[in-house]
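For reference, the structure is listed below as structure tokens.
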Amino acid sequence: MASDSRFGRPGTVAAGMADSAQAQKLVYLVTGGCGFLGEHVVRMLLQQEPQLRELRIFDLHLGPWLEELKTGPVQVTAIQGDVTQAHEVAAAVAGAHVVIHTAGLVDVFGKTSPETIHEVNVQGTRNVIEACVQTGTRFLVYTSSMEVVGPNVKGQPFYRGNENTPYEAVHRHPYPCSKALAEQLVLEANGRKVLGGLPLVTCALRPTGIYGEGHQIMRDFYHQGLRLGGRLFRAIPASVEHGRVYVGNVAWMHVLVARELEHRAALMGGQVYFCYDNSPYKSYEDFNMEFLGPCGLRLVGTHPLLPYWLLVFLAALNVLLQWLLRPLLLYAPLLNPYTLAMANTTFTVSTDKARRHFGYEPLFSWEESRTRTIRWVQAVEGSAQ
Ligand SMILES: NC(=O)c1ccc[n+]([C@@H]2O[C@H](COP(=O)([O-])OP(=O)(O)OC[C@H]3O[C@@H](n4cnc5c(N)ncnc54)[C@H](O)[C@@H]3O)[C@@H](O)[C@H]2O)c1
Ligand SMILES: C[C@@H](CO)CCC[C@@H](C)[C@H]1CC[C@H]2[C@@H]3[C@H](O)C=C4C[C@@H](O)CC[C@]4(C)[C@H]3CC[C@]12C
């Protein structure tokens, strides 16, 4: 496989597995395979799934980096398509053994309409399920989100929770609403008979906030810090903890689930798994500083510099400005009432369900995840000059 300096190769685990004598017989489809997470899943599959014969990458926008993958031993098929178009999805799914459905609209900033978010995240997922049923694909892994649980509209903390922790999962924002509906569709589809009469096996992974190479919001914070003379200003109390997970480990969990679904269908079918690793629990801002600090940024203040009521006011003002400016331009700042509530609510997971059910252990240690992410931010810095 072609090497890639941004992503590198995972350490030692299964190095060279793709060269082993195991039969290459499986066809995988990754929807959203050119996105932040999707690209890592694609690369991880090529490195860690020895049974892969063909890898189909389905996305609305195909990346130029796909070309370099086509020279390896696995057949890489790039498919430009839209998950909202049932016939395009069905054509891509036909003949695949496993579908990893990561495509989605991740928008908590008001860039897209609620209708479009619903269409892509819910109808798109429905199309993927129906395509599996109609064409006989039996294994479906869905990238859900921690947001199907919370933080909820009341801003109640979720502290070191697991998949069984009681929590009032009530949402109003289009993104978590769409993810929750889509996850429900996926779980309900478990056991449906696919073409040929065998049952569909599905499960959903719920990553917490993902970070790592390619993370657009980290890039945005970095550039904001540069614009502010190398400083970021603390807005959130350091005591508000967030669960974060390295993208390489999220990708690894997808690969493992996809591999194990067939052998452990009775145990894993219809299940949800939080997607976690050993990244430390910190506030959103303090966690970002683990990477932005070594790249020369400083977080000013040990306490929030603005009172909370003022942040609430500014967030509301941003909503008004977004609405007023909409006919002229897209104004979508990081701060809005929803992102403020998220950043201000403790949400951390602590679970070993994935380890118990399919032997998941993070592939990348916290130190390695941190180093890789810092190296990537430094490369962003280099390319910006
Ligand atoms: N980023 C996070 O912190 C996070 C956390 C939890 C869950 N997730 C979930 O992980 C998945 C991937 O998120 P990401 O952060 O990589 O987002 P991303 O925007 O980088 O990737 C999404 C990909 O889906 C593609 N896509 C969007 N609409 C499409 C359509 N109509 N048809 C086909 N492809 C389409 C995009 O082109 C993009 O390549 C999403 O389902 C998201 O809900 C993300
Ligand atoms: C008030 C600002 C001062 O610095 C900080 C704003 C931070 C927010 C932009 C982010 C805080 C929490 C983030 C979300 C969280 O990590 C989990 C997510 C789940 C996932 O499915 C999509 C991304 C996200 C919603 C993520 C988005 C950015 C935050 C709201």
Side-chain angles (χ1 to χ4, degrees), residues 30-42 57-63 79-85 88-89 92 100-109 111-112 116-117 119-121 123-125 127-128 142-151 173 175-176 178-180 182-183 204-212 214-218 220-221 224-225 232-237 240 242-247 250-251 254 274-275 283-289 299 301 304-306 308 311-312 314-315 318 332-345 347-348:
V30 180
T31 71
C34 292
F36 165 45
L37 171 62
E39 180 175 351
H40 284 267
V41 171
V42 161
I57 299 158
F58 181 96
D59 204 299
L60 203 50
H61 307 289
L62 297 178
I79 307 168
Q80 196 272 324
D82 185 341
V83 288
T84 67
Q85 302 303 311
E88 294 182 10
V89 179
I100 299 181
H101 178 40
T102 78
L105 259 180
V106 185
D107 182 13
V108 291
F109 305 112
K111 293 181 185 169
T112 0
T116 308
I117 293 176
E119 187 65 12
V120 174
N121 293 355
Q123 186 56 40
T125 302
N127 290 342
V128 170
Y142 174 60
T143 314
S144 182
S145 168
M146 73 174 209
E147 283 205 72
V148 306
V149 180
H173 193 278
Y175 174 71
S178 71
K179 294 301 285 186
E183 183 189 273
L205 300 185
R206 295 171 172 170
T208 55
I210 307 173
Y211 69 94
H215 186 207
Q216 183 57 44
I217 303 176
M218 184 81 75
D220 293 345
F221 273 106
Q224 191 177 74
L232 286 167
F233 299 95
R234 189 184 291 279
I236 305 298
V240 178
H242 268 240
R244 302 286 288 270
V245 59
Y246 176 60
V247 66
V250 181
H254 280 73
F274 276 124
C275 211
S283 79
Y284 193 80
E285 292 169 327
D286 285 301
F287 190 82
N288 285 353
M289 289 315 291
L299 183 62
L305 296 183
L306 296 178
Y308 185 64
L311 283 174
V312 172
L314 292 174
N318 277 340
L334 284 174
L335 182 68
N336 65 45
Y338 184 72
T339 57
L340 179 62
M342 279 212 77
N344 247 297
T345 306
F347 200 99
T348 50

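First listed ligand is number 1; within each ligand, the first listed atom is number 1. In this chain, residues are counted from 1 in sequence order.
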Q. Can you tell me which residue and heavy atom of the protein come closest to atom 25 (C) of ligand 2, and the distance to 0.1 Å?
A. Glu147 OE2, 2.7 Å
Q. By number and element, which atoms of ligand 1 are closer than 4.0 Å to a non-hydrogen atom of Cys34?
A. 39 (O)
Q | Option nearest atom 30 (C) of ligand 1 (shortest heavy-atom distance, choices Val83, Ile57, Val148) | A | Val83
**Q.** Shortest protein heavy-atom distance from atom 8 (C) of ligand 2, along with the residue and atom involved
**A.** Thr339 CB, 4.0 Å
Q) Going by the order shown, which atoms of ligand 2 are within less than 4.0 Å of some heavy atom of Val106? A) 22 (C)
(Q) Looking at Asn127 and Val89, would you say the former's side chain and the latter's main chain have a donor-acceptor pair under 3.5 Å? (A) no
**Q.** Asp220 and Gln216 side chains, donor-acceptor separation under 3.5 Å
**A.** yes
Q: Look at ligand 2 and say whether Arg244 reaches it with a heavy atom at a distance under 4.0 Å.
A: no
Q: Please report which non-hydrogen protein atom sits nearest to atom 21 (O) of ligand 2, along with the residue it belongs to and the distance in Å to one decimal place.
A: Tyr175 OH, 2.6 Å
Q) atom 30 (C) of ligand 2: protein heavy atom closer than 4.0 Å? A) yes
Q | Protein residue, atom and distance nearest to atom 15 (C) of ligand 2, heavy-atom basis | A | Met342 CE, 3.7 Å
Q) Is the shortest distance from atom 19 (C) of ligand 2 to a protein heavy atom below 4.0 Å? A) yes
Q.
Tell me the contacting part of Lys179 for ligand 1: side chain, backbone, both, or neither, using a 4.0 Å heavy-atom threshold, strictly below.
A. side chain
Q. Between Ile117 and Ser178, what is the shortest heavy-atom contact and its length?
A. CG2-OG, 3.6 Å
Q: Using a strict cut-off of 4.0 Å, indicate which atoms of ligand 2 neighbour a heavy atom of His242.
A: 12 (C)
(Q) With a 3.5 Å distance limit and no angle check, can you tell me whether Gln80 reaches the backbone of Leu62 through a side-chain donor-acceptor pair? (A) no
Q: Enumerate the atoms of ligand 1 whose separation from the nearest heavy atom of Gly81 is less than 4.0 angstrom.
A: 32 (N), 33 (C)
Q. Nearest to atom 6 (C) of ligand 1, what protein heavy atom do you find, and at what distance?
A. Pro207 O, 3.5 Å
Q) Considering only protein heavy atoms, which is closest to atom 1 (C) of ligand 2, and at what distance to one decimal place? A) Leu335 CD1, 3.6 Å
Q: Heavy-atom contacts with Val108 under 4.0 Å: which atoms of ligand 2 show up? List them by number with element.
A: 25 (C), 27 (C)
Q: Compare every heavy atom of Pro207 with every heavy atom of Leu205, then report the nearest pair and how far apart it is.
A: O-CD, 3.2 Å
**Q.** Selected option - heavy-atom contact closest to atom 14 (P) of ligand 1, from Asp82, Val106, Asp107
**A.** Val106
Q.
On a heavy-atom basis, which atom in Gly38 and which in Val30 lie closest, and how many Å separate them?
A. O-CG1, 4.5 Å
Q: Provide the number and element of each atom of ligand 1 under 4.0 Å from a heavy atom of Thr143.
A: 9 (C), 10 (O), 11 (C), 41 (O)
Q: Identify the heavy atoms of Ile79 and Ala92 that sit nearest to each other, and give their distance.
A: CD1-CB, 3.9 Å
**Q.** Atom indices of ligand 1 within 4.0 angstrom of Thr208 heavy atoms, with elements
**A.** 5 (C), 6 (C)
Q) Any idea how Tyr211 and Tyr246 line up, ring-wise: parallel (<30°), tilted (30 to 60°), or perpendicular (>60°)? A) tilted
Q. Between Val120 and ligand 1, which residue portion shows a heavy-atom distance shorter than 4.0 Å: side chain, backbone, both, or neither?
A. side chain
Q) Judged by non-hydrogen atoms, does Tyr175 sit under 4.0 Å from ligand 1? A) yes
Q: Among all protein heavy atoms, pick the one closest to atom 4 (O) of ligand 2 and tell me residue, atom and distance.
A: Glu285 OE2, 2.8 Å
Q) Does ligand 2 have an atom that lies less than 4.0 angstrom from a heavy atom of Met146? A) yes
Q | Element-labelled atoms of ligand 2 that are located less than 4.0 Å from some non-hydrogen atom of Ser145 | A | 19 (C), 20 (C), 21 (O)
Q: Any atoms of ligand 2 less than 4.0 Å from a non-hydrogen atom of Ala235? List them with their elements.
A: 3 (C)
Q. Hey, does Gly35 come in under 3.5 Å of ligand 1, counting only N/O atoms on both sides?
A. yes
Q.
Suppose we measure from atom 12 (C) of ligand 1 to each protein heavy atom; which comes out shortest, and what is that distance?
A. Thr102 O, 3.4 Å
**Q.** Proximity to ligand 1 by part of Ser144, non-hydrogen separation under 4.0 Å
**A.** backbone
Q: For atom 3 (O) of ligand 1, find the nearest protein heavy atom and state the residue, atom name and distance (0.1 Å precision).
A: Ile210 N, 2.9 Å
Q: Going by heavy-atom distance to atom 37 (O) of ligand 1, choose the closest among Leu60, Val41, Asp59.
A: Asp59
Q: For atom 22 (C) of ligand 1, grab the closest protein heavy atom and report residue, atom and distance to one decimal in Å.
A: Gly104 O, 3.5 Å
Q. So which protein heavy atom does atom 16 (O) of ligand 2 come closest to, and at what separation?
A. Gly209 CA, 3.5 Å
**Q.** Atom indices of ligand 1 within 4.0 angstrom of Leu37 heavy atoms, with elements
**A.** 10 (O), 16 (O)
Q. If only atom types and distance count, is the side chain of Asp107 paired as donor or acceptor with the main-chain N or O of Thr112 below 3.5 Å?
A. yes
Q: Return the minimal non-hydrogen interatomic distance between Cys34 and His61, and the atom names on each side.
A: CB-O, 3.3 Å
**Q.** For atom 20 (O) of ligand 1, closest protein heavy-atom neighbour
**A.** Phe36 N, 2.9 Å
Q: Of the side chain and backbone of Ile217, name the one, both, or neither that has a heavy atom under 4.0 Å from an atom of ligand 2.
A: side chain
(Q) Test your reading of the model: is there a side-chain donor-acceptor pair from Thr31 to the backbone of Thr102, 3.5 Å cut-off? (A) yes
Q. Considering only the protein, which heavy-atom contact is closest to atom 10 (C) of ligand 2, and what is its distance?
A. Tyr284 CZ, 3.6 Å
